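As structure tokens, the structure follows; a few thoughts come after it.
Numbers here are sequence positions counted from 1. All values derive from a computational prediction rather than experimental measurement.
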Amino acid sequence: MSQNDSLNEELDENVEILIVDDRKQDLAALRSVLSEPGYTVTTAASGDEALWLLLNRDFAVILLDVVMPRLDGFDLARMIKARARNRHTPLIFLTAAGLDVNRLYRAYSIGAIDYLMKPVDALVVRAKVAVFADLHRKNERLLRQAQRLRESEQHARELEIDRLRLISERRYRNLAEAIPQIVWTADSHGLLTYCNQSWMRYTGLDLLASYGLRWLQAVHQEDAERTEQSWRMQVELGETCELRCRLRNAETGLYRWHVCHAVPERDESGAIVAWLVTGTDFEDLLQAIQARDEFLAIASHELRTPLTALKLRIQSLERSGSFDAAAHSKIVSASAQLRRLERLIAGLLDVARIATGQLDIEFAEFGVNAVVEEVIGRVKAATSAKPVISFAAGDVDDSVHWDRLRFEQVLTNLLDNAVRYGDGKPIEVRVTSDHDELEISVIDRGLGIADQDVARIFDRFERVGQRRVPGGLGMGLYITRKIVEAHRGSIHVCSELGKGSRFSIRLPRDPQAMVDAAS
């Protein structure tokens with residue numbers, strides 16, 4: 001085949017692109033953006049439909065919505081990456097504005113190459129997809145050429161492969177210069193060998209000034225040593241990784257946080273021959289999250305004043321006794337809803353305090369068993385179903401030095417969940433002792449939790465219960481985990497669908513003594 005025929009074959013080759021989103025309007029918008037020569041665009045309205053397509057077809061790049069019913073973007077990405085056939089398929093997450101940083105890190109840890117905020121910018125989408133589409137064409141062409149060259153003499157094959165590598169390198173660098181992201185490459189030892197114009201414009205460092213490990217001079221001095229050590233370790237491990245560090249903007253002199261995602265490039269034998277690194281500025285995202293947390297703190301605090309006045313007014317009406325049975329029933333119902341609203345606002349305020357590092361813990365000595373019995377009584381009284389809750393204290397020394405109010409909050413959260421998802425079956429509370437630690441377990445025999453949901457139930461604003469069970473905003477277990485961690489303890493869950501759950505917290509008897517000893 002002549003050189004012109006080979007180039008024409010490459011230009012005529014259509015690249016398959018898969019878009020997965022449960023919103024029809026988003027699918028239509030992305031299809032329109034990518035409807036141009038050289039692309040074959042396929043859409044899937046659910047994770048199940050995407051998996052079915054992947055059984056029989058390969059795609060150069062997959063654009064994947066984060067939030068979808070039943071099988072969300074994270075679970076679908078994990079399943080895609082688990083298949084050897086799709087392990088190296090580039091994934092670009094699509095997400096609405098305000099993505100939580102923890103979820104962003106989670107996306108990269110699963111294997112995402114990048115993410116795009118909705119509504120998407122058409123030029124950015126085309127530029128990013130073009131990079132991976134052309135890399136896919138390059139790889140496909142190299143495979144075909146290698147097959148042909150194996151049929152010819154060894155010397156001719158080596159010359160042709162060298163020529164193709166030079167062409168691919170030039171084309172890759174042209175593509176790298178066309179996108180707004182920072183891009184640089186490193187050799188198998190992790191030493192920078194190329195950086196695009198975006199890097200040079202942002203940092204003010206040209207290729208010579210960035211060569212090897214000199215690029216670290218653009219990193220904030222507080223992050224430089226940690227970043228270098230992390231980079232060297234990841235190069236040694238040879239796995240896809242990410243670095244988080246502050247980079248200096250040469251024009252403003254200011255430092256902004258970046259996520260640098262590094263992917264190893266391997267030869268046919270599996271040996272690493274180079275690294276591809278992309279840098280994404282997420283300072284704006286951090287600022288948005290900080291503004292949200294500050295708003296939650298202010299709004300929650302301001303809501304408590306009128307809520308307290310309303311609570312006093314309703315309590316006064318409850319005690320007056322001057323209403324008929326129907327009116328009194330409505331007042332009691334309003335009082336219950338008011339208590340629920342009070343708990344939601346208190347939860348939002350706690351989330352804001354945790355996010356800003358202002359969760360106060362006041363240690364004092366008390367006996368656990370008496371507090372457990374008191375909390376169980378309150379939960380029973382507040383629940384119309386009057387659940388059966390048994391308490392097995394055991395023969396243990398229950399004296400501890402904890403924040404009593406926060407411990408009551410933890411136990412109340414766990415019992416509320418057990419009641420909500422316990423399917424009306426008996427609930428058991430156990431307290432056991434292990435030298436300098438106590439373990440408190442709340443056990444139900446209800447709906448249980450799916451294996452894929454267990455890992456995320458303690459995250460902020462996560463709800464994984466059955467849809468037929470009414471719930472809150474997904475703050476209770478997150479707040480519980482943070483309180484337990486503030487006591488130098490840990491929380492664990494053991495669950496099986498249809499058989500119930502066991503939540504256990506382990507706390508040292510005197511965490512304050514541990515803090516004092518560490519300081």
- Query: Stepwise, does the salt bridge (Lys or Arg N to Asp or Glu O under 4.0 Å) test hold for R246 with E222?
  - Reply: CA-CA 9 Å; R246 287 166 287 183; E222 294 178 2; 3.1 Å; yes

- Message: I'd like to know whether R256 forms a side-chain contact (heavy atoms from CB on, under 4.5 Å) with L247, so could you lay out the CA-CA distance, the side-chain angles of the two residues, the decisive distance to 0.1 Å, and finally the verdict.
- Response: CA-CA 6 Å; R256 292 176 67 85; L247 296 178; over 6 Å; no

- Given the rule in the side-chain contact (heavy atoms from CB on, under 4.5 Å) test, do I427 and V388 qualify, once you have shown the distances and angles that lead to the verdict? CA-CA 6 Å; I427 298 165; V388 176; over 6 Å; no

- Query: Run the side-chain contact (heavy atoms from CB on, under 4.5 Å) check on L216 and V219 step by step: do they pass?
  - Reply: CA-CA 5 Å; L216 285 164; V219 178; 4.2 Å; yes

- Could you walk me through whether Q409 and I479 pass the side-chain contact (heavy atoms from CB on, under 4.5 Å) test, one step at a time? CA-CA 9 Å; Q409 184 179 0; I479 294 170; 3.6 Å; yes

- Stepwise, does the side-chain hydrogen bond (donor to acceptor under 3.5 Å, both in side chains) test hold for R481 with S490? CA-CA 7 Å; R481 175 171 67 87; S490 59; over 6 Å; no

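Q512 places none of its side-chain heavy atoms less than 4.5 Å from the side chain of R488. Inter-residue side-chain proximity for L415 and V375 is flagged as met; some heavy-atom pair is nearer than 4.5 Å. Taking 4.5 Å as the limit, some side-chain heavy atom of M117 sits within range of a side-chain heavy atom of T95. At least one side-chain heavy atom of L414 sits less than 4.5 Å from a side-chain heavy atom of V410. Side-chain contact check for D510 versus V400: every heavy-atom pair is 4.5 Å or farther apart. Within the 4.5 Å cutoff, the side chain of P90 has no heavy atoms near those of the I62 side chain. V263 is not listed as a side-chain neighbour of T278, based on a closest heavy-atom distance of 4.5 Å or more.
Qualifying side-chain hydrogen bond (donor to acceptor under 3.5 Å, both in side chains) partners for Q234, counting only residues two or more places apart in sequence or in other chains: none. Remark: S399 pairs with E365, D397 by the side-chain contact (heavy atoms from CB on, under 4.5 Å) rule, at least two apart or across chains. Partners of M79 by side-chain contact (heavy atoms from CB on, under 4.5 Å), not counting sequence neighbours, listed by chain and number: L51, L71. Every residue meeting the side-chain contact (heavy atoms from CB on, under 4.5 Å) condition with D22, not counting sequence neighbours, appears here in chain and number order: D65, M68, P69. Not counting sequence neighbours, F132 has no partner by the ring pair (Phe, Tyr, Trp, His ring centres under 6.0 Å) test. Under the rule for a side-chain contact (heavy atoms from CB on, under 4.5 Å), the partners of S46 that lie at least two apart in sequence or sit in another chain are D48, E49. Partners of R85 by salt bridge (Lys or Arg N to Asp or Glu O under 4.0 Å), not counting sequence neighbours, listed by chain and number: D58. When the ring pair (Phe, Tyr, Trp, His ring centres under 6.0 Å) test is applied to F59, no partner is found at least two apart in sequence or on another chain. For the side-chain hydrogen bond (donor to acceptor under 3.5 Å, both in side chains) test, no residue two or more places apart in sequence or in another chain qualifies with S230. Listed by chain and number, the residues in a side-chain hydrogen bond (donor to acceptor under 3.5 Å, both in side chains) with D21 are K118 (sequence neighbours excluded). Remark: E228 pairs with R232 by the salt bridge (Lys or Arg N to Asp or Glu O under 4.0 Å) rule, at least two apart or across chains. Qualifying side-chain hydrogen bond (donor to acceptor under 3.5 Å, both in side chains) partners for R404, counting only residues two or more places apart in sequence or in other chains: E374, E408.
Judged by distance alone, with hydrogens and angles left aside, the side-chain atoms of D398 form a donor-acceptor pair with the main-chain N or O of N369 at under 3.5 Å. Side chain of S441 to backbone of S504: no donor-acceptor contact under 3.5 angstrom is found. Between the N86 side chain and the T89 main chain, no donor and acceptor come within less than 3.5 Å of each other. The closest donor-acceptor contact from the side chain of W275 to the backbone of V235 lies at 3.5 Å or more, if one exists at all. Between the side chain of R445 and the backbone N or O of P426 there is at least one donor-acceptor pair closer than 3.5 Å. At least one donor-acceptor pair under 3.5 Å links the side chain of W402 to the backbone N or O of P508.
Of all the heavy atoms in L497 and A450, the pair that sits closest is CD2-N, 3.7 Å. Here the closest non-hydrogen pair linking C260 and V277 is CB-CG1, 4.1 Å. Nearest heavy atom pair, residue N413 against residue T480, reads ND2-OG1, 3.1 Å. Nearest heavy atom pair, residue I272 against residue G238, reads CD1-CA, 3.5 Å. The shortest heavy-atom contact between Y202 and H258 is OH-CE1, 3.4 Å. Shown here for V20 and A50, the closest heavy-atom pair between the two residues is CG2-CB, 3.7 Å.
Looking at E362 and R406, no side-chain N of the basic residue comes within less than 4.0 Å of a carboxylate O on the acidic one, giving no salt bridge. The pair D436-R509 does not count as a salt bridge, with every side-chain nitrogen at least 4.0 angstrom from each carboxylate oxygen.
Ring geometry for F93 against F74 counts as tilted: the plane angle lies between 30° and 60°, on a 0 to 90° scale.
Residue L438 forms a side-chain contact (heavy atoms from CB on, under 4.5 Å) with just one option from L507, I505, V368, and that option is V368. The only member of V66, L64, V120 that meets side-chain contact (heavy atoms from CB on, under 4.5 Å) when paired with L94 is V120. Applying side-chain contact (heavy atoms from CB on, under 4.5 Å) to P387 and the options D444, V419, I376 leaves one that passes, V419.
Between F363 and H487, the ring center distance clears the sub-6.0 Å criterion. In this structure, F458 has its ring center at least 6.0 angstrom away from the ring center of H492.
No more than 12 heavy atoms of other residues, nucleotides or ligands sit less than 6.0 Å from atom CD of Q221.
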